[in-house]
Each structure stands twice: as C-alpha cells, then as structure tokens.
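Read through the structure below, which is laid out as structure tokens, and then see the notes.
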Amino acid sequence: MKYFIKKTITLIITLFIVSFLAFFAFTIIPADPTAALLGTEASPERIAALREALGLNDPFFVRYFNWLKAFITGNMGTSYSYFIPVRRLIGDKILITATMSLMAAVLIIICSVPLGIWQAKNAGFLPDSIVTVINQIVMAVPPFFLGIIMCYVFGLILRLFTPGYFVSYTVSPAAFFNYLIFPAIAIALPRIAMTSKMLRGSIINELDEDYVRTARSRGNGTTAILYGHVLRNALVPVITFIGMTIADIVASSIIIEQVFSIPGMGQLLLISISTRDYPVVLAIVVIIAFIVVFINYLVDILYQFIDPRVTL
Amino acid sequence: MSYAKHNWYMIFGAVITFVMVLLIVVGYFWTPYSPTAICAAERFDGPSFAHLFGTDNLGRDIFSRVLDGAGTTLFISVSTVLIGLITGILIGGLTGYFGGWIDEVVMRMNDSLTAFPSMLLALVIIGILGPGTYNVIIALGIMFIPSFARMVRSEFVRCKNLDYVKSARLMRAGPLRIIFLHILPNTRSTLLSAVAIGFNNAVLAEAGLSYLGIGVMPPQASLGRMLSESQSYLFSAPWYSISTGFTIILLILGFTLLGEGIRQQAGVD
C-alpha cells in the first residue's frame, strides 16, 4: 500500500513536469499565433484584442496553469489552421492509433512469451540456435522498412489489402481491423524478437539458481519447475522491458502510419508540425506522454504483484 | 557458460561494422557514378554489373547513392552519439559523484524526459527548429542525453565508494581528477556498449526522421529519405527499397552485435 501511494505521488509529479516541459517548449518558440489566426494584414487593435482574449499577455505561470486547467477539463484549445477545437480533431484519430498500438502490444505478448519459453527449453540445440540468429537479424530491421516490405508482399503481390486505401471503423469494422493488422505486425515483429531473446536469457539465468536444484531434488519435473517456479521470476525483467516498449510502440506507430497512409495521431502530428499548428502539436505531445507515463505506472504496480520483494 | 567459446557477437559485429564503415569511407572519396548524375535513358534499370543496385526514377545509380546516403547517416549518428555521450558524462558524472538535491532534481527531470517517447522528443525539437541536417543532429543529440546521463550516473554511484576512489581521495586528489581520471576509465566497458547501442538507435532515428521528410533535406542523400522516395516506385523498382533497407539493416545489425559482444567480453550481466 505504501508502495502504491509512493508510486501515485511520483506519477502526479512526473505528469506535472512533463506537461510543464511541453508547455514551456512551445511557449519559447518565436511564433506569433495572432498572425496565423488573423492573417498578416490585421490591424494592430485587433491583434492586441486577440492577444488579450487568448491570454498571451499574462505571465508565463498564469498561462501555464490556465492551460493545464483547461486541458484537464478537456478543452485543448483551438487549432490555428482548422479553426475547430483540438479535441474534435484528435478524438477520432486517437482511437485508430490506440487500436493499432494495442494490437501490436497484444501480438508482442502472445508471440514472445511462448517463443522465449520454447527457446529456453531447447537451449543449445539447433532449432534454438537458428531462431536466435533469426531473432538477432529481425531485431535490426527498422519497423518502417518492414512496413514497406509488407506493403509489397501482402499488398501488391498477395493482394490481402490495398496499401493506401484505409477503411474507417464506421464504414466496416472488419476491413478496419484487416487493414490495421499489417502495420501492427510491422511494429511488433522486431519487438517480439527482442522480448523473446530477453525472456530466453532470463529463464536460462534463473535455471542456474539454487531453488531450481532444491525443487528438482524434491522430485519435481522440468515442466513443473519451469511453470511453477522459474517463469514467475523470469518474467520480472521482461515486464519492465515490455513497459519500456510501450513508448517505442507509440513512437514507431507515428512512422508506420506514414508507411500505410493511416490517418491517425502520427499523421496529424506531422501535418501540424509542418503547418506550425502548435496547439495541436502541444496537445498530441502531452497526450502521448501522459499515456506512456500512465502505462509505466501500471507496469510498476503490476510489478509489485508479481514480485512483492520490490520496494523503493 | 564456457569461457573458451568464441565471442561470435563481437566477431560478426566487428566484421560487419568494419566493412560498412570501410565502404562508406571509400564512398566519401570515390563512387562508381556521381550520386546526383541524372541519366534519363537509364531510368529504373534493374541490378546489373554496370549498376550494382540498379537505378532510380531519375536514372541515378542507386549503389552510389546508398554509399553517399549511408555516409550522411553515419555522420549524423557519430555527431549525435558524441553530443549525447559528452553531455551525458558531464551530467551523470557530476550528479552521480556529488549526489545531493541537485542530483535529485536533475534525475527527476531526466525521468520526465524519458517519459516522452524519444522519437516524439526529436519530432518536437525538429518542429521548433525546422528540418535540416544540423537540426537533426541537435534534436537527436538532445534525445540521447537522458539515457547516457542515467547510465553514467548509476556507474558513478556504484564506483564512488569503492576502495580505489577512497585511496585516491586519501591522496588528496581533487573531485574533478577523481571523476575524469579515476572513475571514468573504469566505466569504459559499460560506456562502450552503450555507445554501440547509441549508434544503432541513432541510425534508426535518423532514418525514421528523414523517412518522414523532416530530416535531411534534398538534394543531400540519406538512407531514410531514399527509402521514402523508393516507396512510390515499389512495384516498378523493388530493388530501390530493398537495397536501401538492407543497408540500414546491416548498419544496425553491426552496431547491435558489437554492443552485445562488448557486453559479453566485459562479463556484464
């Protein structure tokens, strides 16, 4: 319980710092939003009025807390280039990116854990060595190149989907998932290789421990030891790794969306960066950072359930 | 684990990295064709002896462009790793050795920075500075500082109470002397493997940014940029994507294996 409270306080502090850093970064840039909103030929009086209305004349900390208050209540400001609330702009797209990232995360977990266990069981034999070499190579493949290859193989040759022809979930959920599964695989594959390699090493290390010998001396079989004792300990570092992977999944999805022309958060972020639409960029950056921080918090909590020895 | 076994990671990593760097250095002085020479008659030629990797949409020799682009990528990676490493050593070394509330504050900031997916951080910095080779170097350099700083710090925290540091202190060595001449050399194996991993991340990040069109600007060639160009011609010229992509894979593979090899050599974990 003490651990839980301590972690929660750290979470809140981290969220504060994250939002502060992001807000600070977008405040120091020498860009005048009034020029974007009113055009270059606006009269000085109108510019002054708008600056006052947007609160640009307030001191920095006042602006930060006003922004934070509005942000938490769901008001993320107005886009400079679309003139609609940022929230409406993001609402739809976050669902697409979240679905894709979630699919990738599920794929990573359901593929890497069995693979890692299988490899550790067969450690030292030829099939394991072959998979180890393949893993090592797959780890080095950038997800976006994998995405391009998948577009070529599954899209252009096997025609399982049409690259560039994204179907929204409102039109056809089946086609939506069918389209997203390919980018999800492209994100997941290198991560599956890394995670299974890590789990394999972790299990092999644990098998050398004294408690394994004790369990064996009491007549337990290999399978019972592996699933009853070793796996629980071996998964601890792997869970940390998967938690860290979440940030990477989100980062790769920004690029992967470009490969598969998916209109998600990544695409919106890139467009907003190139049109200098800072309220949108700020909102997306803060949302993604919040999600990542929060997932890491959940992982930390989960960690304590699996390994109660962990304390701060 | 038997210790007589060859360190295959180290061997393969060193060989791949050496060959790639050699090719890039040669490509810096000489390429079979000029990387920017346009030849309208030879558009989309497949791989042949005249053009090892074929030609692209403007009839440029892809092999020459890959060498040139890999050079840009390597230059950016070396610069960013250097920025991250040097700043990381300064921050991590000082905070780790002295500790105290500054250490606490800096590490909290560091933790928050790592909360941003590193790619996002780079995107934000590029969004503020604008695209271009040098801005990419700054963005990626900043992106690498937190991880290097954290790693150096933990090494310093581990080392600062060891006997050799205590004896150096007894001999009235100053803190700066202890930090840079006594402790730093002892962290080299951890640092080296982190540098190799850093290279791997830098290549990946540079390729990613340039692929998105906000990294290296044309006419300068870069592997990521070429990959994004090649995607439009995926059907008519698949060799363009494949040769560029495999160059990236080989670069990353070399650095990953090298990092792994150094770790095994040092007997870490």
Side-chain angles (χ1 to χ4, degrees), chain A residues 10 13-22 25-26 28-29 31 136-137 139-149 151-152 155-157 163 201 204-205 208 244 246-255 258-259 266 269-270 272-274 276 278 281-282 284-285 288-290 292-293 296, chain B residues 1 8-9 12-13 16 105 108-131 200-201 203-205 207-209 211-214 223-224 227-228 230-231 234-235 238 241-242 244-257 260 269:
Chain A
T10 320
I13 295 175
T14 314
L15 290 182
F16 255 113
I17 300 178
V18 163
S19 64
F20 182 80
L21 285 179
F26 286 100
I28 52 167
I29 39 177
Q136 200 68 47
I137 294 171
M139 271 165 57
V141 183
F144 54 96
F145 180 58
L146 210 55
I148 293 177
I149 293 179
C151 277
Y152 184 61
L156 297 179
I157 295 179
I204 290 175
N205 266 344
D208 275 347
M244 278 162 26
I246 303 292
D248 285 319
I249 293 178
V250 175
S252 353
S253 72
I254 296 175
I255 308 181
Q258 223 52 22
V259 178
L269 178 67
L270 283 174
S272 309
I273 284 178
S274 57
R276 305 199 160 250
Y278 290 122
V281 180
L282 178 60
I284 294 180
V285 168
I288 293 182
F290 271 28
V292 170
V293 173
N296 278 321
Chain B
M1 283 286 159
W8 288 114
Y9 285 112
F12 276 108
I16 295 177
V105 171
R108 260 305 77 158
M109 292 276 279
N110 223 351
D111 284 350
S112 311
L113 271 181
T114 33
F116 293 95
S118 45
M119 196 67 193
L120 196 65
L121 195 63
L123 278 175
V124 169
I125 300 169
I126 297 273
I128 293 169
L129 296 176
N200 152 12
N201 288 336
V203 170
L204 196 61
L209 284 179
Y211 176 81
L212 294 176
I214 52 174
L223 294 176
L227 210 51
S228 92
S230 73
Q231 210 188 346
L234 201 52
F235 207 64
S241 289
I242 291 170
T244 315
F246 274 86
T247 312
I248 300 181
I249 295 177
L250 278 179
L251 268 177
I252 295 180
L253 190 64
F255 288 127
T256 325
L257 292 177
E260 195 95 1
D269 71 37

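Quick note on labels: first sequence line is chain A, next is B, and so on, each numbered from 1. The basis for the numbers below is simple: all heavy atoms, side chains too, and nothing from hydrogens, waters or symmetry mates.
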Task: Closest heavy-atom pair and its distance - B:Y211, A:I255 - done: CD2-CG2, 3.7 Å
TODO: Examine distances only and state if a side-chain atom of A:Q136 and a backbone atom of B:L257 form a donor-acceptor pair shorter than 3.5 Å.
DONE: no
Task: Nearest-0.5 Å distance that lies between atom CD1 in A:I137 and atom CD1 in B:I249 - done: 9.0 Å
Open item on the list: Report which part of B:I214 has an atom under 4.5 Å of a heavy atom belonging to chain A: side chain, backbone, both, or neither.
Closed with: side chain
TODO: For atom CZ of B:F12, decide whether the heavy atoms of other residues, nucleotides or ligands shown that lie under 6.0 angstrom number more than 12.
DONE: no
Task: CG-CG distance between A:L270 and B:L212, expressed to the nearest 0.5 angstrom - done: 5.0 Å
Open item on the list: Is A:L269 close to chain B through its backbone or its side chain, or both, or neither, when contacts mean heavy atoms under 4.5 Å?
Closed with: side chain
Task: Stepwise side chain to side chain contact (heavy atoms under 4.5 Å, CB included) test for B:I248 and A:F145 - done: CA-CA 9 Å; B:I248 300 181; A:F145 180 58; 5.9 Å; no
Open item on the list: Quick one, A:I254 with B:L120, criterion side chain to side chain contact (heavy atoms under 4.5 Å, CB included). Give me CA distance, side-chain angles, the key distance, then yes/no.
Closed with: CA-CA 9 Å; A:I254 296 175; B:L120 196 65; 3.9 Å; yes
- [ ] Select, from B:L253, B:L234, B:L251, B:L121, the one with the greatest count of heavy-atom pairs under 4.5 Å involving chain A.
- [x] B:L234
- [ ] Output the option from B:I252, B:L209, B:T256 having the highest count of non-hydrogen pairs under 4.5 Å with chain A.
- [x] B:I252
- [ ] Could you look at B:P131 and say if it's the side chain, the backbone, both or neither that has a heavy atom under 4.5 Å from chain A?
- [x] neither
Open item on the list: Need one label for A:L156: side chain, backbone, both or neither, based on atoms under 4.5 Å from any heavy atom in chain B.
Closed with: both
- [ ] Please examine the side chains of B:S228 and A:V259, heavy atoms only from C-beta on, and report whether any two atoms are closer than 4.5 Å.
- [x] no
TODO: Can you measure from CE (A:M139) to CD (B:E260) and round to the nearest 0.5 angstrom?
DONE: 6.5 Å
Task: Over 12 non-hydrogen atoms of neighbours within 6.0 angstrom of CZ in A:F20 - done: yes
Open item on the list: Please evaluate residues B:I242 and A:I149 with respect to the criterion side chain to side chain contact (heavy atoms under 4.5 Å, CB included), reporting the C-alpha separation (whole Å), side-chain torsions for both, the decisive distance (0.1 Å), and the verdict.
Closed with: CA-CA 8 Å; B:I242 291 170; A:I149 293 179; 5.7 Å; no
TODO: With a 4.5 angstrom heavy-atom cut-off, could you sort out which part of A:Y152 is near chain B: side chain, backbone, both or neither?
DONE: both
TODO: Please flag which part of B:F255 lies under 4.5 Å from any non-hydrogen atom of chain A: side chain, backbone, both or neither.
DONE: neither
